[in-house]
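For reference, the structure is listed below as structure tokens.
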2 protein chains.
Amino acid sequence: MESQDLKKLGLKATLPRLRILQLLENSLQRHKSAEDVYKELLECGEDVGLATVYRVLTQFEAAGLVIRHHFENGLSVFELNEGYHHDHLLCIRCGKIIEFIDEKIEQQQRDIVQQHGFEITDHCLYIYGICPKCQKS
Amino acid sequence: MESQDLKKLGLKATLPRLRILQLLENSLQRHKSAEDVYKELLECGEDVGLATVYRVLTQFEAAGLVIRHHFENGLSVFELNEGYHHDHLLCIRCGKIIEFIDEKIEQQQRDIVQQHGFEITDHCLYIYGICPKCQKS
DNA sequence: ATGTATGCAAAACATTTGCACCTGG
DNA sequence: CCAGGTGCAAATGTTTTGCATACAT
């Protein structure tokens, strides 16, 4: 029962919020733009406004439920926050996204931040390239 | 004589292009949005259009003269491409940007890309935090 | 001279906001 | 019932485009 999860965050369990959460949880494509979410909801016959999608995703982000990324094309995408940090490897041809985590890189980052006396709040590493499939075609 | 540099790239050495290039080369603040560039040119008494700034920066990017970044606020900033790759450490309070390069991180990235069979085209690492000065105030 | 680049205004996008209506607890 | 949430349309901020004019070669 996801209604409970939302209420814990101080958010009413409304239909749009539940639908958006379900969509993010059950979709194969983990990374979606607001527009993607909106279109998919319409396709499912849900009557929702694009503004609401933005509002809900922003609230979810504030609540730590989702993470927002700005990939290099300038578009924002959202993904469910499953609690473990990870970085991204993206294919610029087909859009495939691979998530990875590398402890050595994480450690080096902590060292660098410390050398400069910063308090780290967030970090993101995007690697862009061409995946094996797209290299062949 | 920078006109030559532009001509080599197949770009006519026009006034707006020269001015924008100079601005990027001579400014202390290496990272600027299109709007920043536009305003600074106007302040210098240059009569230039914002559209031209965007066009020129985009051409410069295509020519490899500048690099475009999309920081997490969603704004694009441009910096002169001085030929050496580097990553960025940013203060979310005061906007300070520190450039760094860490060979271990670079090596780990190459390993990861290779493990997944990708051909790397680009990569960027942004670390966000609070700088020493802003921690005190 | 002539093809390219520019400035301006309008268009195109992505995202946010105001407001009257609706809904969950 | 009523605070908070929603849909719609309008506003915003950024970036792009169309077009007549101006400029570099």
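Proteins come first, then strands; the chains are lettered A, B, ... in the order of their sequence lines, and each starts at number 1. Every value quoted in this text rests on a predicted model; they were computed, and no experiment measured them.
Tested against A:E79, the residues A:R68, A:K32, A:R30 include a single salt bridge (Lys or Arg N to Asp or Glu O under 4.0 Å) partner, A:R30.
Within 6.0 Å of CD on B:Q114 lie no more than 12 heavy atoms contributed by other residues, nucleotides or ligands. Around CZ of A:R110, the count of heavy atoms belonging to other residues, nucleotides or ligands within 6.0 Å exceeds 12.
If one axis is set at each end of the helix from C:dA1-D:dT25 to C:dG25-D:dC1 from five pairs, those axes are 30° apart, to 10°.
By the 4.5 Å heavy-atom criterion applied to side chains, A:L90 and A:I127 are not counted as neighbours.
Taking Ile, Leu, Val, Met, Phe, Trp and Tyr as members and joining any whose side-chain heavy atoms lie under 4.5 Å apart, directly or through other members, B:L28 forms no hydrophobic cluster with any other residue. Think of A:Y84 as one node in a network of Ile, Leu, Val, Met, Phe, Trp and Tyr side chains linked at under 4.5 Å; it has no links at all. By the 4.5 Å side-chain criterion applied to Ile, Leu, Val, Met, Phe, Trp and Tyr, A:I101 is assigned to no cluster and stands alone.
Among residue pairs with one or both ends in residues 118-137 of chain A, those qualifying as ring pair (Phe, Tyr, Trp, His ring centres under 6.0 Å) are A:H69-A:Y126, A:F71-A:Y126, A:H85-A:H123; sequence neighbours excluded. Pairs engaging residues 12-61 of chain B under the ring pair (Phe, Tyr, Trp, His ring centres under 6.0 Å) rule: B:H31-B:H88 [sequence neighbours left out].
Mapping A:K7 and A:R55 onto DNA chain C via the closest heavy atom, the residue that lands nearer the 5' end is A:R55. Mapped onto DNA chain D by nearest heavy atom, B:R68 and B:S3 fall at different nucleotides, with B:R68 at the one closer to the 5' end.
In the 5' to 3' direction, nucleotides of DNA chain D lying under 4.0 Å from heavy atoms of chain B begin and end at D:dT14 to D:dT25. When DNA chain C is scanned 5' to 3' for any atom under 4.0 Å from a heavy atom of chain B, the first and last hits are C:dG3 to C:dA9.
Under the side-chain hydrogen bond (donor to acceptor under 3.5 Å, both in side chains) criterion, B:E119 pairs with no residue at all, not counting sequence neighbours. Every residue meeting the side-chain contact (heavy atoms from CB on, under 4.5 Å) condition with B:R55, not counting sequence neighbours, appears here in chain and number order: B:A51, B:T52.
Residues A:P132 and B:H116 share a closest heavy-atom pair of CG-O, 3.4 Å. Nearest heavy atom pair, residue B:V48 against residue B:P16, reads CG2-CB, 4.3 Å.
Shown for residues 11-22 of chain A: residues whose heavy atoms fall under 4.0 angstrom of DNA chain D, namely A:K12, A:T14, A:P16, A:R17. Using a 4.0 Å cut-off on heavy atoms, the residues of residues 37-51 of chain A that approach DNA chain C are A:L50, A:A51, listed by number.
Residue A:S76 is in sugar-phosphate contact alone, with no base atom involved, counting any heavy-atom pair closer than 4.0 Å across all strands shown.
At distances below 3.5 Å, at least one donor-acceptor pair connects side-chain atoms of A:D36 with backbone N or O atoms of A:S33.
The CZ atom of B:R19 sits 10.5 Å away from atom CG of B:L23, with the distance rounded to the nearest 0.5 Å.
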